[in-house]
Amino acid sequence: MKGKFRQKLLVAVLNSDPSHILCVREVRTIRAEQVQNLFAGNIRKLLLEAAQNYERIYEIRLRVGRPVFLCYDGGEKFLRTKDAPYLVTRQDLKETLEYISGYSLYACEDELRQGYISVQGGHRVGVTGKVILDQGNIRSIKYISCVNVRLAHQILGCADAVMPFIRNKENICHTLLISPPGCGKTTLLRDMVRQISNGNEKLPGMTVGLVDERGELAGCYQGVPQNDVGMRTDVLDGCPKAEGMQLLIRSMSPTVVAVDELGKEEDFRAVESVIHCGCTLLATAHGNSLEDIMEQPFFQKLKSMQVFERYIILGRQKRNGRIVQILDGKGKPC
């Protein structure tokens, strides 16, 4: 790609308004009844009366003895009965958990160890309560006192602006997305995977192996992705990243391997295996800048090896999801 064109495109990406995150074509519609049916009758009634726009809501939080919080990008409000906030009862929480788990929390025990339950529509329900340990490992969670329903917002086309920067002719560059929590790196990675998997007139479709350890990328329900991650994408749902990367390489012959939130020592050993096998790696990491994550010795090693050919940094200037920088493998602007 010629330098002047790249420079103009990057300026457009950095300064575009109002959506600094990226070029957006389509937002998947969230089914209101699918969300409402997760909740106890009293809370469902309030949601219906309030006629909520679920495209704008990111989280619905229930805490025993406290108001029902509806969390938006940059704000929040309570559900109310007349002039007072509605306070969540233990019965509300118990009934909600029954709906979420299909009347069997025991069947969701494996997910509960991770602190969440996946539900239809790609949404994820986080829980807190009394943690039960077994030889230092989390066995389960009981006496649940808080439920956080995180609504899955898929933005189709949000990776349009960055795709030219991660392509090298007909190949994809090893790419690391860096941002603080809640700034859109998972959303961006999901759409990158979709576009690479489907292909277009400039990029042939590729087989993608997606390790979705926390269930946020594909949003699988009973093994089936609820989010659009592309026609050539194979998903390992709920699998630890290190084991998942190795498994995909052995069994599915991916051209591209995608994972969310690198951080553990074993993740980095698996990254080296992916690179040596000739696969392209797409990954994310928590951080405010490239310098921030380079404080970790494992990332320092990967940078010294020039494993990643592109670094995409997202931030919160003006709004979540703004692209702050796109850097090459040496940390220089593209």
Side-chain angles (χ1 to χ4, degrees), residues 18-21 24 26-102 108 111-112 115-129 141 144-156 158 179-187 190 214-217 219 221 226-227 314 316 318-322:
S19 130
H20 299 279
I21 181 164
V24 176
E26 178 183 349
V27 178
R28 186 191 65 185
T29 301
I30 295 177
R31 294 172 53 194
E33 68 277 10
Q34 194 175 70
V35 176
Q36 293 160 356
N37 289 341
L38 296 173
F39 294 96
N42 289 339
I43 296 171
R44 188 185 313 145
K45 181 174 181 290
L46 293 174
L47 288 169
L48 285 166
E49 290 173 350
Q52 299 297 326
N53 178 2
Y54 294 98
E55 303 297 344
R56 296 185 57 236
I57 300 174
Y58 286 83
E59 297 177 345
I60 303 175
R61 291 178 178 263
L62 278 59
R63 302 178 177 98
V64 173
R66 284 173 278 180
V68 180
F69 282 80
L70 305 182
C71 302
Y72 300 82
D73 184 9
E76 63 183 21
K77 72 176 184 179
F78 304 145
L79 284 182
R80 293 177 172 271
T81 56
K82 296 183 180 179
D83 296 326
Y86 178 81
L87 301 184
V88 178
T89 67
R90 286 199 173 275
Q91 181 58 34
D92 288 332
L93 208 65
K94 179 182 177 183
E95 188 179 339
T96 298
L97 285 169
E98 288 175 347
Y99 295 147
I100 287 168
S101 65
C108 300
E111 283 191 298
L112 277 175
Y116 65 86
I117 300 171
S118 299
V119 297
Q120 191 171 9
H123 312 302
R124 198 169 72 158
V125 182
V127 299
T128 60
I141 299 177
I144 293 172
S145 59
C146 175
V147 166
N148 178 26
V149 179
R150 300 182 62 184
L151 303 186
H153 292 269
Q154 181 172 14
I155 305 176
L156 303 182
C158 71
S179 87
C183 279
K185 61 183 179 298
T186 300
T187 301
R190 182 190 299 121
R214 298 178 302 125
E216 286 191 316
L217 284 162
Y221 177 71
Q226 304 293 291
N227 294 322
L314 305 180
R316 286 198 175 99
K318 295 186 180 179
R319 62 174 292 158
N320 288 349
R322 180 183 171 91

Side chain to side chain contact (heavy atoms under 4.5 Å, CB included), that's the test. Do Leu217 and Asn227 meet it? Break it down for me.
CA-CA 7 Å; Leu217 284 162; Asn227 294 322; over 6 Å; no
Steps toward side chain to side chain contact (heavy atoms under 4.5 Å, CB included) verdict (Glu216, Tyr116):
CA-CA 11 Å; Glu216 286 191 316; Tyr116 65 86; over 6 Å; no
Can you list the steps and then say if Arg66 with Val88 is a side chain to side chain contact (heavy atoms under 4.5 Å, CB included)?
CA-CA 6 Å; Arg66 284 173 278 180; Val88 178; over 6 Å; no
Show your working on side chain to side chain contact (heavy atoms under 4.5 Å, CB included) between Arg124 and Arg214 and close with a plain yes or no.
CA-CA 9 Å; Arg124 198 169 72 158; Arg214 298 178 302 125; 3.1 Å; yes
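A side chain to side chain contact (heavy atoms under 4.5 Å, CB included) with Ile144 is found for exactly one of Thr128, Val127, Leu62, namely Val127.
The minimum heavy-atom distance between His123 and Ala152, with the atom names listed, is ND1-N, 2.9 Å. Thr187 and Cys158 get closest at one heavy-atom pair: O-SG, 3.7 Å.
Rounded to the nearest 0.5 angstrom, Leu151 CG and Arg56 CZ are separated by 12.5 Å. With rounding to the nearest 0.5 Å, the separation of NZ in Lys185 from CG in Leu314 is 8.5 Å. Note that the CD1 atom of Ile117 and the CD1 atom of Ile141 stand 9.0 Å from one another [nearest 0.5 Å]. Here CD1 of Ile57 is found 7.0 Å from NZ of Lys77. Values are rounded to the nearest 0.5 Å. Going from atom NZ of Lys45 over to atom OH of Tyr86 covers 10.5 Å, rounded to the nearest 0.5 Å. One distance of note links OH of Tyr54 with CD of Glu33; it measures 10.0 Å at 0.5 Å rounding.
A donor-acceptor pair is defined here as one N or O able to donate and one able to accept, closer than 3.5 Å; no such pair exists between the side chain of Arg63 and the backbone of Cys146. In this structure, the side chain of Glu95 engages the main chain of Gly41 through a donor-acceptor pair within 3.5 Å. No donor-acceptor pair under 3.5 Å is formed between the side chain of Ser145 and the backbone N or O of Gly129.
Leu70 places a side-chain heavy atom less than 4.5 Å from the side chain of Leu47. Residues Val68 and Phe39 fail the side-chain proximity criterion, which asks for heavy atoms closer than 4.5 Å. Here the side chains of Leu46 and Glu49 are in contact, with some heavy-atom distance below 4.5 Å.
The neighbour count for Arg80 CZ, taken as heavy atoms of other residues, nucleotides or ligands under 6.0 Å away, is above 12.
With sequence neighbours excluded, the residues that form a side-chain hydrogen bond (donor to acceptor under 3.5 Å, both in side chains) with Thr89 are Asp92.
Note: Tyr72 and Tyr58 fail the aromatic proximity criterion, with ring centroids not under 6.0 Å apart.
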